[in-house]
Amino acid sequence: MAKTAAPGYYRMMLGDFEVTALSDGTVALPVNKLLTNTTPAKVDQTLAKSYLKSPLDTSVNGYLINTGSKLVLVDTGAGSLFGPTLGKLLASLKASGYQPEQVDEIYLTHMHPDHLGGLTADGKPAFPNAVVRADKRDADFWLSQANLDKAPADAKGSFQGAMASLDPYVKAGKFQPFDGSTELVPGIRAVSAHGHTPGHTVFAVESKGQKLVLWGDLMHVAAVQFEQPEVTIQFDSDSKPAAAERKKAYADAAKGGYLVAGAHLPFPGMGHLRSEGKGYIWIPVNYMPLH
Ligand SMILES: [Zn+2]
């Protein structure tokens with residue numbers, strides 16, 4: 001038994017843009033303990049309907065968009081901040097035919113360790129030519145020494161991880177926060193979806209009438225939170241607006257019929273939504289190799 005799998009990438013065209021899903025790996029999460037506004041027994045029951053159980057192998061995905069003039073990476077994976085099963089995004093990116101030096105811009109959906117840890121490798125920028133952008137509300141929250149000082153012991157790591165990962169870019173003048181919903185490059189727009197963190201942002205990618213919205217951590221557990229959108233997770237900074245943004249995004253995606261992608265949906269984490277009853281059905285993308 002070889003017991004290894006190749007670094008993962010999945011590629012498709014979206015109008016004139018090339019979109020590559022990059023796997024950072026998976027991490028086993030005790031989702032029956034982490035999900036809130038439900039009970040562990042109800043989570044176990046719901047998972048069982050999808051032949052799953054807790055702890056659940058949970059994907060961590062980043063997305064690389066080549067617009068033809070800019071190479072943009074949305075989220076960077078965990079780097080060294082989340083243990084040995086994650087931190088594979090750089091290998092996935094190289095396997096997909098690109099080099100980290102080619103990345104022009106990095107957009108962070110938010111500043112949790114599994115989304116920004118890949119910014120640095122051994123304390124140096126992993127993407128030496130990239131400008132990093134994130135909502136200023138997340139920068140103000142996670143890069144604040146005062147917030148680190150007053151955080152409980154078990155929460156300090158997230159602040160320290162954000163500071164260490166962004167520091168080389170800040171020092172080089174390559175961290176440029178944005179303020180709310182705004183177009184970042186032609187065809188890619190930041191859309192505020194605050195709640196999971198103070199500045200949590202989704203990115204709408206559009207080319208030639210085709211649309212993909214990169215959801216970040218708008219939701220975490222596909223087998224539970226499509227059927228039960230009201231279920232929240234302990235990682236939310238403020239779970240009420242997080243749940244409201246999720247419901248709004250689900251309804252819009254189902255109505256618009258456009259593609260969505262989630263940082264923690266099973267790799268490649270891309271698909272469509274169909275509404276059904278009080279919830280939604282997730283329809284993963286068909287496998288379509290480029291020719
Ligand atoms: Zn996350």
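The structure presented is a predicted model; accordingly, all values stated were derived computationally and were not measured. Both counts, for ligands and for their atoms, begin at 1 and track the order of listing.
- Aromatic pair F127/Y169: ring centres not closer than 6.0 Å.
- For D16 and S207, the side-chain atoms include no donor-acceptor pair closer than 3.5 Å.
- Residue H112: no N/O/S atom is found under 2.8 Å from the Zn ion (ligand 1).
- The NE2 atom of H264, the Zn ion (ligand 1) and the NE2 atom of H115 define an angle of 100° (nearest 10 degrees).
- Checked against the Zn ion (ligand 1), the N, O or S atom of D217 at the shortest distance is OD2.
- The closest side-chain donor-acceptor pair between S96 and R11 falls under 3.5 angstrom.
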D217 and H264: side chain to side chain donor-acceptor pair (under 3.5 Å), yes or no, with the steps?
-> CA-CA 7 Å; D217 279 13; H264 301 301; 3.0 Å; yes
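- For the pair D24 and D114, the minimum side-chain heavy-atom distance is 4.5 Å or more.
- Taking the Zn ion (ligand 1) as reference, D114 places its N/O/S atom OD2 nearest.
- Taking 2.8 Å as the criterion, H220 does not count as a coordinating residue of the Zn ion (ligand 1), since none of its N, O or S atoms falls below it.
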